[in-house]
Amino acid sequence: MNQHKATARAPANIAFIKYWGKTDSWTRVPANNSVSMCLSEFHTLCTVEISEQFAEDMVSFRGEAVVAGGELERITQVLARVRKLTGQSLFARVATRNNFPKATGIASSASGFAALSAAAVEVYGAKLNQRELSVFARQASGTACRSVPDGFVEWLSDDGAGESYAVSVHSPDWWNICDVVAIVTKKMKKVSSTEGHALAQTSPFYQARLLGMPAKVMALKQALAQKDFSHFGALLEAEALNMHAICLTSTPAVVYWEAPTMSMIRSIVEWRERGAVESYFTIDAGPTVHAICRAEDSGELAQRLAAIAGVREVVVNKPGLGVRLVDRHLF
Ligand code: DP6
């Protein structure tokens with residue numbers, strides 16, 4: 001053990017090609033590769049302290065000693081895994097803080113579990129490289145593995161040797177695009193993404209989605225490599241609708257959108273068709289809309305989205321770094 005306390009900061013990420021459905025729900029092996037971008041403005045800070053004085057694991061969220069039930073269990077499972085890995089038995093105190101509302105479709109589990117994984121691995125003295133940390137974080141929450149590497153990221157469902165983790169395909173400065181995030185509600189969503197993943201299999205269209213995935217991932221990566229914005233945008237928008245088509249046709253159906261979500265979808269398409277501003281929407285498991293645009297259009301787009309009824313807050317994100325250890329602890 002090197003120290004008693006470690007803190008990590010991890011970004012949220014937005015998927016251009018989605019992770020929706022798993023082949024192993026316990027270890028969170030995804031049914032397909034996905035492609036994402038780390039976000040510059042949304043992150044989680046997580047401090048983990050270990051001590052002989054602690055009689056159990058304790059977790060607080062935003063300073064409140066919360067986290068009970070399923071959420072606590074998910075966090076203590078991460079601690080248990082790192083204890084197993086290092087042969088240690090000390091309990092931990094965990095504090096975690098997001099700078100954005102959780103469970104509204106801004107990937108709070110991605111940043112949260114990436115930060116927790118990195119801090120826990122550090123404080124218990126497990127020596128993991130980036131790839132191993134991505135594998136470790138994946139098992140806590142699938143999308144967390146994509147918040148480990150920097151910039152534009154691909155999560156490999158299988159690397160050819162039976163392992164699944166995310167790798168950086170381009171650094172953050174590769175392409176000057178933005179994710180203009182329009183937050184609709186600060187209420188927690190009703191159906192968690194973990195439940196949504198399990199329901200995906202019940203959609204009659206799910207197998208068709210999976211069949212099209214390899215070609216779609218390749219096309220999107222090519223548009224990213226060529227910085228072909230219009231093609232890139234068309235692909236990511238179609239992919240978001242494809243994922244939500246699975247949600248809508250699952251049994252029971254999962255509808256993540258709210259009325260302002262639909263207003264934004266319509267407006268984004270209309271602004272684009274009128275030549276006012278070229279952006280493309282994507283939506284995760286929640287009502288929040290992510291409008292992807294060129295950096296020079298982000299101010300104009302943010303203003304337009306903020307004027308739509310029901311939009312509570314708009315935040316412009318650039319491509320960001322992956323997880324990092326930081327010196328300033330939360331307690
Ligand atoms: C809709 O990572 O939240 O954001 O592995 O069960 O924790 P678990 O699921 P989670 O999946 C969310 C997926 C998504 C799409 C995406 O980001 O790829």
Side-chain angles (χ1 to χ4, degrees), residues 10-39 42 44 70-71 73-75 77-78 81 98 100-117 134-149 152-157 164-166 179 181 188-201 203 206 209-210 213 216-217 220 235-248 250 254-257 261 281-290 292 317:
N13 67 72
I14 181 64
F16 301 129
I17 302 283
K18 309 292 186 188
Y19 152 53
W20 201 243
K22 310 172 192 184
T23 56
D24 182 337
S25 58
W26 182 245
T27 62
R28 297 183 151 81
V29 176
N32 57 270
N33 289 18
S34 52
V35 182
S36 61
M37 177 178 103
C38 290
L39 301 183
F42 293 137
T44 300
E71 210 172 4
E73 198 182 311
R74 234 172 130 176
I75 292 170
Q77 276 169 5
V78 173
R81 276 196 293 122
N98 295 337
F100 59 93
K102 66 174 180 169
T104 55
I106 329 173
S108 58
S109 68
S111 57
F113 283 105
L116 171 66
S117 298
S134 180
V135 170
F136 185 90
R138 183 202 86 218
Q139 295 177 33
S141 179
T143 47
C145 80
R146 295 193 316 235
S147 287
V148 173
F152 298 89
V153 168
E154 180 175 16
W155 174 7
L156 310 169
S157 57
S164 175
Y165 48 85
D179 175 7
V181 183
M188 299 269 283
K189 61 195 176 198
K190 290 197 197 80
V191 181
S192 73
S193 33
T194 301
E195 292 166 281
H197 282 286
L199 295 175
Q201 332 275 341
S203 165
Y206 186 58
R209 167 173 169 79
L210 292 184
M213 272 301 175
K216 201 192 284 191
V217 169
L220 185 115
L235 288 167
L236 74 89
E237 196 171 275
E239 161 59 3
L241 291 172
N242 187 304
M243 184 199 107
H244 284 273
I246 300 300
C247 300
L248 295 169
S250 294
V254 190
V255 185
Y256 284 116
W257 300 351
T261 315
F281 64 82
T282 185
I283 303 163
D284 282 342
T288 300
V289 172
H290 298 251
I292 311 299
N317 282 270

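Read the numbers this way: they start at 1 and go in the same order the structure lists the ligands and their atoms.
Counting heavy atoms from C-beta outward, C247 and W20 have side chains that approach closer than 4.5 Å. Counting heavy atoms from C-beta on, the side chains of K216 and R209 come closer than 4.5 Å. Put simply, the side chain of L241 does not reach to within 4.5 Å of the side chain of H244, judged on heavy atoms. No side-chain heavy atom of Y165 sits under 4.5 Å from any side-chain heavy atom of V148. Between K22 and V29, every side-chain heavy-atom pair lies at or beyond the 4.5 Å cut-off. S141 places a side-chain heavy atom less than 4.5 Å from the side chain of R74.
At a 4.0 Å cut-off, at least one heavy atom of R74 sits close enough to ligand 1 to count as contact.
The A285 neighbourhood of ligand 1 comprises atoms 1 (C), with distances under 4.0 Å to a heavy atom of that residue. Per-residue contacts place S141 under 4.0 angstrom from the following atoms of ligand 1 (heavy atoms of the residue considered): 2 (O), 3 (O), 5 (O), 7 (O), 8 (P), 10 (P). Close contacts between ligand 1 and K22 involve ligand atoms 5 (O), 6 (O), 8 (P) [criterion: under 4.0 Å to a heavy atom]. Within the listing of ligand 1, atoms 3 (O) sit less than 4.0 angstrom from a heavy atom of S109. Close approach of ligand 1 to A15 (heavy-atom distance below 4.0 Å) involves ligand atoms 16 (C), 17 (O), 18 (O). Ligand 1 places these atoms under 4.0 Å from at least one heavy atom of T194: 6 (O), 7 (O), 8 (P). Those atoms of ligand 1 that come under 4.0 Å of a heavy atom in W20, given as number and element, are 1 (C). For ligand 1, the atoms sitting less than 4.0 Å from at least one non-hydrogen atom of H197 are 6 (O), 9 (O), 10 (P), 11 (O), 12 (C), 13 (C), numbered in the order shown with element in parentheses.
In terms of polar-atom proximity, defined here as any N/O pair under 3.5 Å, R28 does make such a contact with ligand 1. For ligand 1, the polar-atom distance check against S34 finds no nitrogen or oxygen pair separated by under 3.5 Å. For the pair T143 and ligand 1, the shortest N or O to N or O distance falls below 3.5 Å. Considering backbone and side-chain atoms together, G142 places an N or O closer than 3.5 Å to an N or O of ligand 1. When only interatomic distances are considered, the shortest N/O to N/O separation between N13 and ligand 1 does not fall below 3.5 Å.
Scanning S193, A198, A240 for the heavy atom closest to atom 10 (P) of ligand 1 points to S193.
Counting only distance, with no hydrogens or angles, the side chain of E237 and the backbone of F281 share a donor-acceptor pair below 3.5 Å. Panel note: side chain Y256, backbone V191; a donor-acceptor pair is recorded below 3.5 Å.
For N32 and S157, the side-chain atoms include no donor-acceptor pair closer than 3.5 Å.
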